[in-house]
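Quick notes on the structure that follows.
Values below: all heavy atoms of this structure, side chains included; hydrogens, waters and symmetry mates excluded. A, B, ... follow the sequence lines: proteins, then strands. Residue 1 opens every chain.
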Number of protein chains: 2
Amino acid sequence: MNMKRPRRPLTLRDVSEASGVSEMTVSRVLRNRGDVSAATREKVLTAARTLGYVPNKIAGGLASQRVNLVAVVIPSLSNMVFPDVLGGISAELDDTGLQPVVGVTNYSPPREDAVLYDMLSWRPSGVILAGLEHNKAARAMLENAGLPVVEIMDVDGTPIDCAVGISHKRAGAEMAEEILNAGYRRIGFIGTHMPEDHRARKRLAGFEARLGEAGIALAAREFYQGGSSLLKGRELTERILSREPDLDFLYYSNDMIGAGGLMWCMEQGYDIPGKLGLAGFNGVELLDGLPMRLTTTDARRIDIGRRAARIVAGKEPKPEDGVVAFAPTFLPGDTIRSR
Amino acid sequence: MNMKRPRRPLTLRDVSEASGVSEMTVSRVLRNRGDVSAATREKVLTAARTLGYVPNKIAGGLASQRVNLVAVVIPSLSNMVFPDVLGGISAELDDTGLQPVVGVTNYSPPREDAVLYDMLSWRPSGVILAGLEHNKAARAMLENAGLPVVEIMDVDGTPIDCAVGISHKRAGAEMAEEILNAGYRRIGFIGTHMPEDHRARKRLAGFEARLGEAGIALAAREFYQGGSSLLKGRELTERILSREPDLDFLYYSNDMIGAGGLMWCMEQGYDIPGKLGLAGFNGVELLDGLPMRLTTTDARRIDIGRRAARIVAGKEPKPEDGVVAFAPTFLPGDTIRSR
DNA sequence: CGCAATCATGTTACCGTTATCGTGTCCGGC
DNA sequence: GCCGGACACGATAACGGTAACATGATTGCG
């Protein structure tokens, strides 16, 4: 194709000279905007192609004061929850010309501030970020930025602009309800010890609240640090059950450790769900292939991603009261007694 | 803090006026560049903070002709392989001021072209992309872009600029070697039917080549479409074993379906690894908590991510011959007979 | 046939920041 | 007291596009 290696990066001017029209016309052709005759369009396109011109969005963005990016700020990649959310977002953004850009905070508020600062410095068209709890600095930035902000995953709190998610308090309460209805009474909880994982905290709160209404208290709880894995689930389950052997139900703060616990209990020959019930949270695809299907709650991740994307893309208006609450869905699975 | 909601976005000029110095000086303060007295620095910083000013990287990037982004282009998020690679990249980029931006191609070459085009239009400082096989258009873009390009995961081929990865032919061959050494002879393969998954293809090629040297041919093969999941692994395993009941080994193209197969075989009461051996590929963390540890090959994803990042960041020079080949590492697990 | 509307293109003025160079001040040394 | 250099800062001109308006050519229509 083009034989000479252009050491100076190509600009509109190069294409304009190569095709004998003004830079403006080239710009119009490349963006399909405004009237250009079929003939010139063709000339310009071939010129651009043979030169190997790639438009400069930095310059374009500055000139037009518009950038086709949506900042997506989430706490972690490692959970299997993220790809679903992002999947929903991308699917919905696909036909809007908008593009998601992901930032990861590792559940660290200072890091969230930094990531947001960085993202906002690109002047994106919108922000989707996980959670309702943010530093004052972060809130201020977002309020001042003057762009659509959708906080996702959680609706238990006050959104900056608007929120799309589920109530984790409700998810916890509903799981407690199901467990109690199934007749379990000595219930243990296993979860991460992360002060910044507010959603896990709220689930536990809702869970305990409902138990409390029934006059029941958690019989045991076990916390862990760091990421979730099957292995961690095994260890913690062994630990909690050796400490409190007569537990009849274990509620895990996510499916991954729940599945690990399930593996361990099955190996140990526990009667599941007869003598011991298990439940996790999220509804990840992983569970579908396990020897038993873990009882869990579908966190509606794809729906949340889609809806959030629709809002930042302006495909639908922000909700009246600023909140879109999906219903967390109980998935019975095989690890809870059915009535 | 600032009471009036500024509808016009803040610029350096606002900070400059608020602090009584020139925009240039504000810029210097905010970037820690050039000589500024401690007093002015302080004034500027407080002004910026109280206004809630966030720099505009669009304008900055245009002016300085530098953008602190590294484009990372990968085929998929869903495999558990991606977070590891990105983890390695982020870890190594963290202290360089560079930031990864991810694009996903879904194993579609036209989509890869589009994603690259889009990424390059942001004029990033470097590109990391998976695989060595690309459309002519993609290769041309990357060659013309005049920036460091690191192709990762694979080294069986000719890199555009340089490559960091493992040889999948070798990974396949070494697994074949281990299987043969363990005495298995009637071997089946289960993998995705994706013409664009070149690495899976190369592994299979290397695998069959080594079997061929021993005078053995694959006794059966089963392909599937779409993403990998435990469930898919179960189905395919059932199918291949009902078709060819006397297989004594199953080689899976990834750990996820391998684990699914393992689950199914265990439930069916197969004697593993005595009568039937199983192996996957990748070495994902997931395997650590399964009832048996699946035999697999560590694809060195974190190492690859780190090394690629070091190269684009200029922390280390490009390799002489353009290639950094890590050794795929055999992980025996529990699903292959040990000698 | 004349005039306005439409089409196809060009001109000009930014967009918000940084590179570069220039200017004024202060200080020490001889 | 003069000079050179470090220091602290400002003025100006890009950077590569696009919005908005201007222009010339063509067309439609009464």
Are any of [X]'s side-chain N or O atoms less than 4.0 Å away from OP1 or OP2 of [N]?
{"X": "B/Tyr53", "N": "C/dT17", "result": "yes"}
{"X": "A/Ser22", "N": "C/dT11", "result": "no"}
{"X": "A/Thr40", "N": "C/dT9", "result": "yes"}
{"X": "B/Gln65", "N": "C/dA19", "result": "no"}
{"X": "B/Ser64", "N": "C/dT18", "result": "no"}

Nearest to the side chain of [X] - [options]?
{"X": "B/Ser37", "options": "D/dC9, D/dA20, D/dC15", "result": "D/dC9"}
{"X": "B/Leu62", "options": "C/dA19, D/dG16, D/dT18", "result": "D/dG16"}
{"X": "A/Asp35", "options": "C/dG10, D/dG10, C/dC7", "result": "C/dC7"}
{"X": "A/Ser27", "options": "D/dA20, D/dT18, C/dC21", "result": "D/dT18"}

Task: Atom-to-atom span, CZ of B/Arg33 to P of C/dT20 - whole angstrom - done: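 Checked: the CZ to P distance equals 12 Å.
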
TODO: For B/Trp122 and D/dG17, give me the distance from atom CH2 to atom P, rounded to whole Å.
DONE: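 Those two atoms, CH2 and P, are 13 Å apart.
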
Open item on the list: Using a strict threshold of under 4.0 Å (side-chain N to carboxylate O), is an ion pair present between A/Glu92 and A/Arg307?
Closed with: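 A/Glu92 and A/Arg307: not salt-bridged.
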
Open item on the list: I'd like to know if B/Lys57 pairs up with A/Asp118 as an ion pair, taking the criterion as any Lys NZ or Arg NE/NH1/NH2 lying under 4.0 Å from an Asp or Glu carboxylate oxygen.
Closed with: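 Salt bridge between B/Lys57 and A/Asp118, a charged N being under 4.0 Å from a carboxylate O: yes.
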
Classify the nucleic acid contact of [X] as base, sugar-phosphate or nothing, counting any heavy atom under 4.0 Å across all strands shown.
{"X": "A/Arg13", "value": "nothing"}
{"X": "B/Arg31", "value": "sugar-phosphate"}
{"X": "B/Arg66", "value": "sugar-phosphate"}
{"X": "A/Asn56", "value": "sugar-phosphate"}

TODO: State whether the number of non-hydrogen atoms from other residues, nucleotides or ligands found under 6.0 Å of A/Arg13 atom CZ is greater than 12.
DONE: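 No, CZ of A/Arg13 has 12 or fewer neighbouring heavy atoms, counting only those of other groups under 6.0 Å.
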
Task: Residue mapping more 5' on DNA chain D - nearest nucleotide basis, B/Met24 or B/Ala63 - done: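 Looking at DNA chain D, the more 5' nearest nucleotide goes with B/Met24.
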
Task: Whichever of B/Val21 and B/Ala59 has its nearest DNA chain D nucleotide further upstream toward 5' - done: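 Final value for this comparison: B/Val21.
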
Task: A/Val73: which of A/Ile128, A/Val101, A/Leu116 passes side chain to side chain contact (heavy atoms under 4.5 Å, CB included) - done: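 Looking at A/Ile128, A/Val101, A/Leu116, the match for A/Val73 under the side chain to side chain contact (heavy atoms under 4.5 Å, CB included) is A/Leu116.
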
